[in-house]
Amino acid sequence: MLPWLVAGVLLPLAAFAVLAAMVAAGPPGFDLTLAGIAQRGVGGAMDPAWLLLSRFGHEWGVVPVDIALVALLLLRRRWRAGLFSAVALGGSGLLNMAAKQLFARARPELWTSIAPEHTFSFPSGHAMGSMTLAWVLVLLAWRTPLRRPLAVGLAVFVAGVGWSRVHLGVHYPSDVLAGWALATAWTVACRLAFRRGNGAG
């Protein structure tokens, strides 16, 4: 359990704290550098694809899958797995909303977005939600042959969703990194808590 606690909870929390401290002092240098790279493709043929991926990173994909996953586990009477998933996924959304209010970071205004957002920016809800779902699925499949291919496929999806938010001009890269870090710490902490209480699966 100790390696999971250190690598899965404490280190991501430390990364989140560092990002939060950097953001409090103004956009970090890498924010503007990476945003500049993203801006080069704005207005191009890939705009619809990035917008579609962004939608699948929340309302068209992640949220429906969250609900379906919890429902499926409960229908199959996998009570602990279902409860772990519900707490991890639902709690992640609540934690994201609380963090946004706490840090109250304004959205970037580096260029005109084709999908503007009007809530706070830090940490990214899309990044956090997609990473939480990815961790939940991988942890549920941890002792099965599906673990590695699932992890690779979900890593590509999560990275794509994160970059789509930067490309659309609604998040700084640090928002995305913070979302990934906080989601990792939260989900692994939930898993450890449920395992200590006789497991999540």
Side-chain angles (χ1 to χ4, degrees), residues 11-12 15-66 89 92-93 95-97 99-138 148-187:
L11 289 180
F16 179 82
V18 169
L19 287 165
M22 295 172 68
V23 164
F30 71 85
D31 265 352
L32 301 180
T33 299
L34 293 175
I37 294 172
Q39 188 178 14
R40 296 173 192 169
V42 173
M46 288 296 294
D47 275 4
W50 288 119
L51 180 58
L52 184 64
L53 183 55
S54 176
R55 297 280 169 83
F56 273 105
H58 186 59
E59 65 268 31
W60 289 2
V62 167
V63 172
V65 172
D66 287 351
L89 296 167
S92 176
L95 184 59
N96 180 260
M97 289 189 289
K100 283 181 183 292
Q101 294 299 317
L102 176 64
F103 293 100
R105 187 187 197 187
R107 297 275 178 175
E109 296 181 350
L110 303 176
W111 60 85
T112 301
S113 174
I114 61 172
E117 299 276 3
H118 304 290
T119 56
F120 292 125
S121 184
F122 183 92
S124 165
H126 283 65
M128 194 165 170
S130 59
M131 180 63 89
T132 302
L133 176 59
W135 267 116
V136 166
L137 290 172
V138 170
R148 290 185 180 178
L150 193 61
V152 171
L154 289 170
V156 172
F157 174 70
V158 169
V161 170
W163 187 252
S164 76
R165 303 303 286 165
V166 178
H167 176 89
L168 293 173
V170 293
H171 277 296
Y172 294 102
S174 56
D175 299 331
V176 172
L177 294 174
W180 290 343
L182 192 55
T184 298
W186 168 255
T187 312

Let me confirm one number: the NE2-CG distance from His58 to Leu53, rounded to the nearest 0.5 Å. 14.0 Å
Donor-acceptor pair, distance only, cut-off 3.5 Å: does the side chain of Arg107 make one with the backbone of His118? no
If you compare all heavy atoms of Pro173 against all heavy atoms of Leu34, which two are closest, and at what distance to 0.1 Å? CG-CB, 3.6 Å
Rounded to the nearest 0.5 Å, how far apart are CD1 of Ile37 and CH2 of Trp163? 5.5 Å
Indicate the atoms forming the closest heavy-atom contact of Val62 with Gly57, along with that distance. CG2-O, 3.3 Å
Apply side chain to side chain contact (heavy atoms under 4.5 Å, CB included) to Trp135 and Thr184, showing your working. CA-CA 7 Å; Trp135 267 116; Thr184 298; 3.0 Å; yes
When His126 is tested against each of Arg55, Arg165, Met131 for side-chain contact (heavy atoms from CB on, under 4.5 Å), which residue passes? Arg165
Minimum side-chain heavy-atom gap Met128-Leu95 below 4.5 Å: yes
Any donor-acceptor N or O pair under 3.5 Å, side chains Arg105, Ser174: yes
Could you state the interatomic distance from OG (Ser164) to NE2 (His171), rounded to the nearest 0.5 Å? 9.0 Å
Measure up the Phe103 and Phe122 rings against each other and bin them: parallel (under 30°), tilted (30 to 60°), perpendicular (over 60°). perpendicular
Tightest non-hydrogen contact, residues Ala106 and Ser121, listed as O-CB, 3.6 Å
Roughly how far, to the nearest 0.5 Å, is the OH atom of Tyr172 from the OG atom of Ser124? 14.0 Å
Compare every heavy atom of Gly160 with every heavy atom of Trp50, then report the nearest pair and how far apart it is. CZ3-O, 3.6 Å
Do Leu52 and Trp60 have side chains that approach each other closer than 4.5 Å (heavy atoms only, starting at C-beta)? yes
Go through it in stages, so that I can follow the logic: the residues are Leu51 and His167, the test is side chain to side chain contact (heavy atoms under 4.5 Å, CB included), and I'd like the CA-CA distance, side-chain angles, deciding distance and then a yes or no. CA-CA 9 Å; Leu51 180 58; His167 176 89; over 6 Å; no
What closest approach, in Å, do Lys100 and Phe120 show between heavy atoms, and which atom pair accounts for it? NZ-O, 3.0 Å
CG-CG distance between Leu137 and Leu154, expressed to the nearest 0.5 angstrom: 6.0 Å
Phe30 and Leu177, any side-chain heavy atoms less than 4.5 Å apart: yes
If you measure from OG1 on Thr187 to CG on Leu133, what distance do you get to the nearest 0.5 Å? 9.5 Å
If you compare all heavy atoms of Ala115 against all heavy atoms of Val170, which two are closest, and at what distance to 0.1 Å? O-CG1, 3.3 Å
With a 3.5 Å distance limit and no angle check, can you tell me whether Ser113 reaches the backbone of Leu168 through a side-chain donor-acceptor pair? yes
Any donor-acceptor pair under 3.5 Å linking the side chain of Asp47 with the backbone of Gly43? yes
